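Following: one structure in structure tokens, then a few remarks.
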Amino acid sequence: MRIRSEEMKDHQAVYQLNVEAFGHREDEAQLVERIRASQGFIPELSLVAEMNHQIVGHILLSKANVVDEDKEHEVIALAPIAVKPDFQKQGVGAQLILEGIRKTRELGYGAIFLIGHPSYYPKFGFVPARTFGFELKQFQVPDEVFMVCEIIEGYLKDWSGELRYPDSFFS
Ligand SMILES: CC(C)(COP(=O)(O)OP(=O)(O)OC[C@H]1O[C@@H](n2cnc3c(N)ncnc32)[C@H](O)[C@@H]1OP(=O)(O)O)[C@@H](O)C(=O)NCCC(=O)NCCS
């Protein structure tokens, strides 16, 4: 299996993959399209997992902001991640997340936020974001599903604030 940045020729396969992985609904596939067309899109951080010339997984990491009184910090939001149903539970998702973290760090970003399953993400270093003092007002979610991963050591020290997803996250 190879993990690489998405190319234009992959867009259709990435759309279908997201539809399939999310139980045949199009919300996440359309979210990918909106983020891709937005200023928050970082081409290197739209990654696909390819096996025998087939796209079996996709992860998208894009820009978001934390508003801390009069300051804004640029951070990364992970959403969505999808693995083709027949290829789930074989480590594809884990490899996409690890490569996503590695590339995000390489680009100089210090933290990744997400809303996700509390039993899946902690093994990659994600912890409940509210324990760091971060707030989320745009989505009403339980504390344990709003998570953050500090990918540059010490990056989250001495500041906090409200995570704001950009307009592209809302249709
Ligand atoms: C969430 C999702 C991306 C995970 O992808 P995945 O490739 O299945 O993830 P992994 O294989 O890395 O891990 C899934 C489970 O399989 C297990 N696993 C990993 N490799 C395995 C292997 N070789 N054999 C058996 N099990 C394995 C993992 O331990 C993990 O179990 P755990 O969560 O109990 O620890 C995928 O299930 C998916 O697309 N779901 C639908 C869309 C979705 O809900 N996305 C997340 C919200 S944005």
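Here the structure is a predicted model, which is why all the values come from computation and not from measurement. For ligands, and for the atoms within them, numbers begin at 1 and follow the listed sequence.
Of the protein's non-hydrogen atoms, the one nearest atom 14 (C) of ligand 1 is Y120 CE1, 3.8 Å. Protein heavy atom nearest atom 23 (N) of ligand 1, with residue, atom name and distance: Q90 CA, 3.9 Å. Of the protein's heavy atoms, K89 O, 3.2 Å lies nearest to atom 21 (C) of ligand 1. Distance from atom 7 (O) of ligand 1 to its nearest protein heavy atom, with residue and atom name: G93 N, 2.7 Å. Regarding atom 11 (O) of ligand 1, its nearest protein heavy-atom neighbour is G91 N, 2.7 Å. Counting protein heavy atoms only, atom 38 (C) of ligand 1 is closest to Q88 NE2, 3.3 Å. For atom 45 (N) of ligand 1, the closest heavy atom belonging to the protein is I81 O, 2.9 Å.
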**Message:** One pair to check against side-chain contact (heavy atoms from CB on, under 4.5 Å): R4 and V48. What are the steps and the verdict?
**Reply:** CA-CA 6 Å; R4 59 166 174 81; V48 294; 3.6 Å; yes
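For atom 34 (O) of ligand 1, the nearest protein heavy atom lies 4.0 Å away or farther. Of the protein's heavy atoms, at least one falls inside 4.0 Å of atom 25 (C) of ligand 1. Contact annotation for atom 29 (O) of ligand 1: protein absent (non-hydrogen atoms, distance under 4.0 Å). When distances from atom 1 (C) of ligand 1 to the protein are checked, no heavy atom turns up under 4.0 Å.
Counted within 6.0 Å of NZ on K9, heavy atoms from surrounding residues, nucleotides or ligands total more than 12; the atom is thus considered enclosed.
On a distance-only criterion, V83 and ligand 1 share at least one N/O pair closer than 3.5 Å. Considering backbone and side-chain atoms together, F22 places no N or O closer than 3.5 Å to any N or O of ligand 1.
Counting atoms of ligand 1 from 1 in the listed order, those under 4.0 Å from a heavy atom of A82 are 39 (O). The contact set between ligand 1 and A94, taken as ligand atoms under 4.0 Å from a residue heavy atom, comprises 12 (O). Atoms of ligand 1 found under 4.0 Å from any heavy atom of A21 (numbered from 1 in listed order, with element): 39 (O), 41 (C), 42 (C).
In this structure, R36 pairs ionically with E33, as a charged nitrogen and a carboxylate oxygen lie closer than 4.0 Å.
The aromatic rings of W159 and Y155 stand perpendicular to each other, their planes meeting at an angle above 60°, with 30° marking the opposite boundary. Using cut-offs of 30° and 60° on the angle between ring planes, the pair F126 and Y121 is perpendicular.
Side-chain contact check for L61 versus Y109: every heavy-atom pair is 4.5 Å or farther apart. D10 is listed as a side-chain neighbour of E7, based on a closest heavy-atom distance under 4.5 Å. Side-chain contact check for I115 versus Y165: some heavy-atom pair is nearer than 4.5 Å. The side-chain heavy atoms of Q39 and P166, taken from C-beta on, include no pair separated by under 4.5 Å.
For the residue pair M147 and H117, the shortest heavy atom distance occurs at CE-O, 3.6 Å.
The aromatic ring centroids of F170 and F139 lie less than 6.0 Å from each other.
Contacts of K123 with ligand 1, taken as heavy-atom pairs under 4.0 Å, involve the side chain alone.
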